[in-house]
Asker: 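My structure is below; once you've seen it, I'll send some questions.
All residue numbers refer to positions in the sequence shown, counting from 1.
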Amino acid sequence: MNIVIIDNRQQDLSRLADALTAAIPLCHIQSFADPLLSAKYICNFPVDMVFLAESMRPVDGFVLLNVLRANKPDLPIIMLSDRGLHSEHAFSAGVNGYYAKSITAHTLKQISEDIPHHLRTSQVKCTTPQPQKRKEKNTMEQNVKIEALSQDPVFIKALADCATTEDAQQLFAAKEISLSGEALLETCLTLLRCGEKSGALSEDDLLQVAAGTSNLMANYLSK
């Protein structure tokens, strides 16, 4: 049984891995602190079950959930939360379970027995993993420009309208900012997240930003 666990916090990853091993001795666990890398792995290899944290960066658990559901609609996905405040949202978004991070080995064993996980190798397209692209380092000048753009609602709305990472790359190029690969995606997601928290966007704009976040991630993972 191949289980993927995803959380920015290394301590929480280790605790969950230990609990899973105690509950399901024969399981194989893949741990990821980076949601983007986890999504690439899950979309390209056979996975029986996913445990993901609700609160993560550069994308949160709900954005990652949307991307995984688009690629593997029947994959059992369990969301783990620090406070457990968004269970209704989580289930409407498509999780199979929503638990506090203090989940016990007994509950984990019940989860593994209750959720069907018969979508195996024959139904999943496996590809040879590509070498991880080295993150490009922004220059100091670019960092200053990017920081300024995080306060620019017009740019953030334009970024949310980008259908592909290539479109986003051209948008940054117009501001004399050169980005590509994971550095480009992470910068996009960071600026979109700043837009959500700024309070300067309307409700319709926020919906546009949420859709743009999912679109850019899906486009990046499809390459």
Asker: With a 4.5 Å limit on heavy-atom distance, are the side chains of K101 and D12 in contact?
Answerer: yes

Asker: Rounded to the nearest 0.5 Å, how far does CZ of F32 lie from CG of D7?
Answerer: 13.5 Å

Asker: Anything under 30° is parallel, anything over 60° is perpendicular, the rest tilted; go ahead and classify F62 against H89.
Answerer: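 If you compare the ring of F62 with that of H89, the planes turn out parallel.
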
Asker: Any side-chain heavy-atom pair from P76 and V50 closer than 4.5 angstrom?
Answerer: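 Result no, sub-4.5 Å side-chain heavy-atom pair not found.
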
Asker: Can you list the steps and then say if F45 with V4 is a side-chain contact (heavy atoms from CB on, under 4.5 Å)?
Answerer: CA-CA 11 Å; F45 292 93; V4 172; over 6 Å; no

Asker: Just so I know, are the side chains of L16 and F51 near enough to count as touching, which here means a heavy-atom distance under 4.5 Å?
Answerer: yes

Asker: Please examine the side chains of T190 and S150, heavy atoms only from C-beta on, and report whether any two atoms are closer than 4.5 Å.
Answerer: no

Asker: Of all heavy-atom pairs between L171 and C162, which one has the smallest distance, and what is that distance?
Answerer: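 Taking L171 first and C162 second, the nearest heavy atoms are CD2-SG, 4.0 Å.
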
Asker: Any side-chain donor paired with an acceptor under 3.5 Å for S81 and Y98?
Answerer: yes

Asker: Taking the side chain as every heavy atom from C-beta outward, state whether S55 and D60 have any atom pair closer than 4.5 Å.
Answerer: no

Asker: Please name the pair of heavy atoms, one in L75 and one in V47, separated by the smallest distance, quoted to 0.1 Å.
Answerer: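 Residues L75 and V47, closest heavy atoms: CD1-O, 3.3 Å.
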
Asker: Any side-chain donor-acceptor pair under 3.5 Å between Q208 and D161?
Answerer: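 There is such a pair (donor and acceptor under 3.5 Å, judged by atom type) between the side chains of Q208 and D161.
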
Asker: Would you call L52 and L68 a side-chain contact if the rule is heavy atoms closer than 4.5 Å?
Answerer: yes

Asker: Hey, what do you get for NE2 (H28) to CG (L20), rounding to the nearest 0.5 Å?
Answerer: 12.5 Å

Asker: Taking all non-hydrogen atoms of both residues into account, name the closest pair between A168 and L159 and its distance.
Answerer: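 Of all heavy-atom pairs spanning A168 and L159, the closest is CB-CD1, 3.8 Å.
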
Asker: Can you measure from CZ (R69) to CG (L64) and round to the nearest 0.5 angstrom?
Answerer: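 Going from the CZ atom of R69 to the CG atom of L64 covers 11.0 Å.
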
Asker: Is the backbone N or O of P46 less than 3.5 Å from a side-chain atom of N2, with the two atoms forming a donor-acceptor pair by type?
Answerer: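 At least one qualifying donor-acceptor pair exists.
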
Asker: Could you walk me through whether I3 and Q30 satisfy the side-chain contact (heavy atoms from CB on, under 4.5 Å) test, starting with their C-alpha distance in whole Å, then the side-chain angles of each, then the deciding distance to 0.1 Å, before giving a yes or no?
Answerer: CA-CA 6 Å; I3 299 176; Q30 294 281 354; over 6 Å; no

Asker: Is there a side-chain contact between F172 and K145 in this structure, where contact means two heavy atoms from C-beta onward sitting under 4.5 Å apart?
Answerer: no

Asker: Any non-hydrogen side-chain atom of L80 less than 4.5 Å from a side-chain atom of E54?
Answerer: no

Asker: Rounded to the nearest 0.5 Å, what separates atom CG in N8 from atom CG in D34?
Answerer: 8.0 Å

Asker: Kindly determine whether R9 and D82 satisfy side-chain contact (heavy atoms from CB on, under 4.5 Å), including the steps that lead there.
Answerer: CA-CA 12 Å; R9 303 176 189 170; D82 288 314; 3.1 Å; yes

Asker: Search all heavy atoms of A90 against all heavy atoms of M79 and return the closest pair with its distance.
Answerer: CB-SD, 4.1 Å

Asker: Could you tell me the separation between the OG1 atom of T21 and the CD1 atom of I29, rounded to the nearest 0.5 Å?
Answerer: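 Rounded to the nearest 0.5 Å, the OG1-CD1 separation comes out at 3.5 Å.
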
Asker: Nearest 0.5 Å, what's the OG1-CG distance between T187 and L179?
Answerer: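 Taking OG1 in T187 and CG in L179, the distance rounds to 4.5 Å.
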
Asker: Evaluate N71 against I42 for side-chain contact (heavy atoms from CB on, under 4.5 Å), listing each step before the verdict.
Answerer: CA-CA 9 Å; N71 286 272; I42 293 167; over 6 Å; no

